[in-house]
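Shown next, in structure tokens, is the structure this report addresses.
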Amino acid sequence: METTKNLILGAGLTGLSTGYHLKSDDYQVYEKLHEVGGLCRSEEVNGFLFDYAPHILYTVNPYAHELIHTLLKGNLEIKKRKAFIYHGKYDLYTQFPYQAHLYGLPAKDVIECLSGLVEVLRNPDRPKPQNYREWMYWRFGKGIAEQLMIPYAERIWTIDPKYMNFNWIDRRVPEPDFESVLRGALQHEDDRSGFNQEFWYPIEGAIESLPVALAKGVKNIHLNQTVTHIDPKAKQVTFSTGKVVGYQNLVYTLSLTHLPHFIDDIPQHVLDAINGLQFNQIECVNIGINRPDMSPYHWLYFHEAEDFIFHRISFPRNASEKTCPPGTSSVCCEISYSKHRPLRVQGREALIQATIDGLIKAKIMRPDDEILAADVLTVDPAYVIYDLDYEENVKTIHEWLVSLDIHPAGRFGDWQYYNMDHSILAGKRIADLLNDKA
């Protein structure tokens with residue numbers, strides 16, 4: 001049996017970052033796939049490059065900023081965000097975020113949004129919200145909440161936001177001041193508010209180039225190794241190849257929901273907490289067509305569930321021309337679902353056709369477009385859902401794991417809505433902890 005001081009499960013950004021930041025080489029990284037990257041990977045389909053769901057790079061953390069730029073050196077292009085919202089019932093676009101760019105909507109919609117926000121501001125002593133749905137009313141008023149924010153929240157999270165908390169919002173939901181909202185209602189405002197006003201994207205290699213670059217600074221990576229059993233008492237991990245590896249510290253970057261498949265005799269209260277975790281899944285329907293310049297935007301939001309199967313679409317070529325063959329363009333369409341709201345249609349071909357129908361309805365594709373690539377990539381799990389029991393459940397699981405010298409980390413180990421910079425920093429945090437223990 002092999003042994004290592006630090007055994008890292010998963011070679012996504014967090015697992016790679018942990019190895020990268022460990023001071024000692026006494027570690028091993030095990031990954032079930034044939035390549036590194038986890039969800040930060042890209043697939044090639046008939047000459048088109050598609051990421052596993054849209055990925056863009058940005059950060060407010062100085063260390064993450066420096067590391068990303070060092071790793072990708074000259075392979076980064078800076079983009080100014082072009083994110084818009086499509087309103088099918090009016091066949092028009094408004095700029096993201098909705099609340100700061102009401103100009104162009106029918107007067108009745110603008111008046112409802114502004115009057116709702118004024119009512120909120122006139123009532124500073126209004127009762128504090130108890131859930132995410134109440135928070136949207138509390139912060140923005142009836143018009144903004146009901147016209148876009150609640151419908152879109154239900155689309156992406158697959159549940160009524162009254163069952164979610166709002167502690168996660170942070171930079172996720174931009175909160176412009178009233179003056180900005182008023183300006184954006186009376187005139188076209190090109191000012192971008194909120195997070196990721198600028199973002200970076202690799203020129204070559206799509207988003208997978210980031211984990212590939214990070215992996216160059218990581219030793220002892222073992223691919224095609226699927227975990228089948230974790231024995232916390234013996235401190236051993238068994239893999240599908242029959243290999244058994246002993247450890248002192250286990251870094252767990254896999255999903256918390258997988259723990260019952262790996263560990264025997266989990267205490268009932270911990271098992272209840274694991275079973276209580278909520279998450280959604282994403283089907284990414286990717287289409288490449290024989291026409292350039294399909295759209296001028298980076299990504300678009302779709303809040304009208306009855307008209308469009310997808311809730312967000314993005315255009316890889318507008319992030320990097322190298323993602324498409326010359327003279328072509330492509331689109332990635334995200335379809336969210338969960339046990340709470342299953343997919344509207346089942347099967348690869350049905351998903352592709354429903355997506356194409358929606359793209360034609362939105363006039364993004366033309367009925368006579370020649371399709372050169374069509375594929376579906378599954379992200380499961382995709383987003384953590386911050387339900388009302390989230391904090392208690394995650395705390396229970398984490399306390400139990402740490403008591404066993406198992407260190408959860410990353411998007412699904414920490415069970416957090418992480419971006420790529422957060423995932424990298426999560427690995428550094430665990431590495432720093434293990435370095436201090438040395």
Has Arg126 got a side-chain atom pairing as donor or acceptor with Trp138's backbone, closer than 3.5 angstrom? yes
Got a sec: does the NZ of Lys243 have more than 12 other heavy atoms crowding it under 6.0 Å? yes
What about the rings of Trp299 and Phe199, do their centers lie closer together than 6.0 Å? yes
Are any side-chain N or O atoms of Asn318 and backbone N or O atoms of Tyr297, one a donor and one an acceptor, separated by less than 3.5 Å? yes
Side-chain donor/acceptor of Asn290 to backbone N/O of Ile371, under 3.5 Å: no
Judged by modelled atom types alone, do Glu283 and Tyr337 share a side-chain donor-acceptor pair under 3.5 Å? yes
Take atom CG of Asp265 as the centre, draw a 6.0 Å sphere, and report whether it contains more than 12 heavy atoms from other residues, nucleotides or ligands. no
Quick check, are the ring centers of Phe310 and Phe302 under 6.0 angstrom apart? yes
Are the charged groups of Glu134 and Lys162 less than 4.0 angstrom apart, N to O? no
If you measure only the distance, is there a donor-acceptor pair under 3.5 Å linking the side chains of Gln225 and Ser240? no
Measuring centre to centre across the rings, with the benzene-like ring taken for any Trp, is His303 within less than 6.0 Å of His87? yes
Counting N and O atoms only, with roles assigned by atom type, does the side chain of Thr18 sit under 3.5 Å from a partner on the main chain of Thr14, one being a donor and the other an acceptor? yes
Determine, using ring centers only, whether Tyr386 and Tyr417 are less than 6.0 Å apart. no
Quick check on the 6.0 Å ring-centre criterion: do Tyr383 and Phe279 meet it? no
Stepwise, does the side chain to side chain donor-acceptor pair (under 3.5 Å) test hold for Lys437 with Asn249? CA-CA 10 Å; Lys437 286 179 64 175; Asn249 303 296; 2.8 Å; yes
Taking the side chain as every heavy atom from C-beta outward, state whether Asn419 and Tyr58 have any atom pair closer than 4.5 Å. yes
Angle between ring planes, His21 versus Tyr63, binned at 30° and 60°: parallel, tilted or perpendicular? tilted
Taking side chain as C-beta onward, heavy atoms only, is Asn286 less than 4.5 Å from Phe48? no
Exercise: identify the closest heavy-atom pair between Leu13 and Ser423: CB-CB, 4.1 Å
For the side chain of Glu304 and the backbone of Gly88, is there at least one donor-acceptor N/O pair under 3.5 Å apart? yes
Sole residue of Glu392, Glu391, Glu399 in side-chain hydrogen bond (donor to acceptor under 3.5 Å, both in side chains) with Lys395: Glu399
Looking only at heavy atoms, which two atoms of Asp231 and Ala234 are closest? And how far apart? OD1-N, 3.1 Å
Any donor-acceptor N or O pair under 3.5 Å, side chains Glu112, Gln147: yes
Ignoring hydrogens and geometry beyond distance, is a side-chain donor-acceptor pair present between Tyr137 and Glu146 at under 3.5 Å? yes
Salt-bridged, Arg133 to Glu154, with N to O below 4.0 Å? yes
For Gln130 and Lys128, indicate whether the former's side chain and the latter's backbone hold a donor-acceptor pair under 3.5 Å. yes
State whether Arg429 and Asp414 are salt-bridged, where the test is any N-O pair (Lys NZ or Arg NE/NH1/NH2 against Asp/Glu carboxylate O) under 4.0 Å. yes
Hey, are the side chains of Phe50 and Asp375 touching, using non-hydrogen atoms and a 4.5 Å cut-off? no
May I ask you to check whether Trp168 and Trp135 place their ring centres under 6.0 Å from each other? no
More than 12 heavy atoms of other groups within 6.0 Å of Lys322 NZ: no
Residue pairs involving residues 200-221 (criterion ring pair (Phe, Tyr, Trp, His ring centres under 6.0 Å); sequence neighbours excluded): His65-Trp200, His69-Trp200
We want to know whether His222 and Gln28 form a side-chain donor-acceptor pair, criterion being a heavy-atom distance below 3.5 angstrom. yes
Check whether any side-chain N or O of Asp369 sits under 3.5 Å from a backbone N or O of Ile289 as a donor-acceptor pair, and report yes or no. no
Would a distance-only check, ignoring hydrogens and angles, find a side-chain to backbone donor-acceptor pair under 3.5 Å from Thr323 to Pro316? yes
Check step by step if side chain to side chain donor-acceptor pair (under 3.5 Å) holds for His422 and Asn61. CA-CA 9 Å; His422 300 136; Asn61 182 277; over 6 Å; no
Between Ser336 and Asn280, does the side chain to side chain donor-acceptor pair (under 3.5 Å) criterion hold? Intermediate values first, please. CA-CA 7 Å; Ser336 179; Asn280 70 0; 3.0 Å; yes
Does a side-chain heavy-atom distance below 4.5 Å link His34 with Leu223? no
Would you mind listing every ring pair (Phe, Tyr, Trp, His ring centres under 6.0 Å) that reaches into residues 238-273, with sequence neighbours excluded? Tyr30-Phe239
Okay, side chain of Glu208, backbone of Ser42: is any donor-acceptor separation there less than 3.5 Å? yes
